[in-house]
Amino acid sequence: PLTVTMDGNKNITAAFAPLRTLAVNVTGQGSVSRSPDATSYVHGAVVQLTASPDTGWVFGEWTGAMSGTQNPASITMDADKNVGATFKQLFTVTRTIVGQGTITLNPDKVYYVDGETVTVTAIALTGHRFTGWSGDLSGSENPAVLTMDADKNVGATFVANVAPTVAITSPTNNAQFIGPTNITIVAATDDTDGAVGRVEFYYALNSQPSTLNLIGTVTNTEPPFNPQ
């Protein structure tokens, strides 16, 4: 109370400020503390809000009478206020590899926020090739994009490359010719996991069996490839 000494005529005015309320709504798993902590505030008071996520969650943003991601943040109580705090769940990616290769993630992090996208790339080691995804990815598109709406398990399968084969089909082995004459050499190719694009023909003299001499090269980009 105010005490006034009446040593003359006095004129006293009492000004009343309205009380303001602050409501905080939480989306996700976490809590919001306020300082000062009160059920109502004098008009113009400044209140600091601090968002604290639960384990496995992260603070996302303020909504309502506040916006942005600054945490803690302050609000001026010049009216009744309603503030929302959004928390987002954190998820992990587990990589499983079959064969010889690696899986890279971009961005490469321990935890990903709910809704975040991750580019997943399969890289085969030398002499191997990527054949497909398993787990939470399917198909063989590489790279592939993963949307983090739960913990994910991504598997990549790699297989060893099979060497292509080339066999001369004409002339037959040990065929004899009276020279001089032109000989057409025909070869059959096979590549179970790719395509043969070039065949080189060589000959060696009986007197120098270890010395190979190039006869010619045949190229083709469209299988089947039967060079001659």
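By the 6.0 Å contact criterion, CG on Asp7 is enclosed, its count of non-hydrogen atoms from other residues, nucleotides or ligands being greater than 12. Shown here is Gln70, whose CD atom has no more than 12 heavy atoms of other residues, nucleotides or ligands within 6.0 Å.
Side chain of Arg95 to backbone of Ile103: a donor-acceptor contact under 3.5 angstrom is found. No side-chain donor-acceptor contact under 3.5 Å links Tyr112 to the backbone of Thr147. Between the side chain of Asp80 and the backbone N or O of Thr21 there is at least one donor-acceptor pair closer than 3.5 Å. Trp133 places no side-chain N or O within 3.5 Å of a backbone atom of Asn142 that could act as its donor or acceptor partner. Of the possible polar contacts, none joining the Lys81 side chain to the Gly64 backbone as a donor-acceptor pair under 3.5 Å is found. No donor-acceptor pair under 3.5 Å is formed between the side chain of Asn153 and the backbone N or O of Gly135. Using modelled atom types, no side-chain atom of Thr50 and backbone atom of Pro72 make a donor-acceptor pair closer than 3.5 Å.
Pairing each heavy atom of Leu214 with each of Phe201, the nearest pair is CD1-O, 3.3 Å. The shortest non-hydrogen separation linking Leu137 to Val145 is CD2-O, 4.0 Å. Summarising the geometry of Ser40 relative to Leu19, their closest heavy-atom pair is OG-CD1, 3.9 Å, with the distance given to 0.1 Å. Listed here is the closest heavy atom pair of Ala204 and Gln208: CB-O, 3.9 Å. Annotation for Phe158 and Ala122: closest pair CZ-CB, 3.8 Å, computed over non-hydrogen atoms. Among all heavy-atom pairs drawn from Ile183 and Phe177, the shortest one is CD1-CD1, 3.6 Å.
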Could you please spell out the steps behind the side chain to side chain contact (heavy atoms under 4.5 Å, CB included) verdict for Val218 and Arg198? CA-CA 6 Å; Val218 180; Arg198 184 178 70 180; over 6 Å; no

If you apply the rule side chain to side chain contact (heavy atoms under 4.5 Å, CB included), what do you find for Met6 with Val4, and how did you get there? CA-CA 6 Å; Met6 296 303 298; Val4 178; 4.1 Å; yes

Step by step, would you call Thr157 with Phe130 a side chain to side chain contact (heavy atoms under 4.5 Å, CB included)? CA-CA 6 Å; Thr157 299; Phe130 169 69; 5.9 Å; no

Start with the C-alpha gap between Trp62 and Leu49, add the side-chain angles, then the distance that decides, and say whether side chain to side chain contact (heavy atoms under 4.5 Å, CB included) holds. CA-CA 10 Å; Trp62 300 108; Leu49 300 180; 3.9 Å; yes

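The cluster map of Ile, Leu, Val, Met, Phe, Trp and Tyr, joined by side-chain heavy atoms under 4.5 Å apart, puts Phe91 and Val110 in different clusters. At a threshold of 4.5 Å between side-chain heavy atoms, the hydrophobic network of Ile, Leu, Val, Met, Phe, Trp and Tyr places Val118 and Ile97 in one connected group. Residues Leu22 and Val26 share a single hydrophobic cluster, defined by chaining ILVMFWY side chains whose heavy atoms lie under 4.5 Å apart. A continuous path of ILVMFWY side-chain contacts below 4.5 Å connects Trp57 to Val24, so both sit in one hydrophobic cluster. In terms of hydrophobic clustering, with Ile, Leu, Val, Met, Phe, Trp and Tyr side chains grouped at heavy-atom distances under 4.5 Å, Phe59 and Ile75 are assigned to a common cluster.
Between the CZ atom in Arg34 and the CD atom in Gln48 there is a gap of 13.0 Å [rounded to 0.5 Å]. Atom CD1 of Ile215 sits about 4.0 Å away from atom CD1 of Ile185, to the nearest 0.5 Å. Interatomic distance, Asp54 CG to Gln89 CD, rounded to the nearest 0.5 Å: 10.5 Å. Taken to the nearest 0.5 Å, the CG atom of Leu146 stands 6.5 Å off from the CG atom of Asp136.
For the pair Asp114 and Asp149, the minimum side-chain heavy-atom distance is below 4.5 Å. Taking 4.5 Å as the limit, some side-chain heavy atom of Thr92 sits within range of a side-chain heavy atom of Tyr111. By the 4.5 Å heavy-atom criterion applied to side chains, Lys109 and Glu116 are counted as neighbours. Counting heavy atoms from C-beta outward, Val32 and Ser52 have side chains that stay 4.5 Å or more apart. Between Met148 and Val113 there is no side-chain heavy-atom pair separated by less than 4.5 Å. In this structure the side chain of Val120 reaches within 4.5 angstrom of the side chain of Leu105, judged on heavy atoms.
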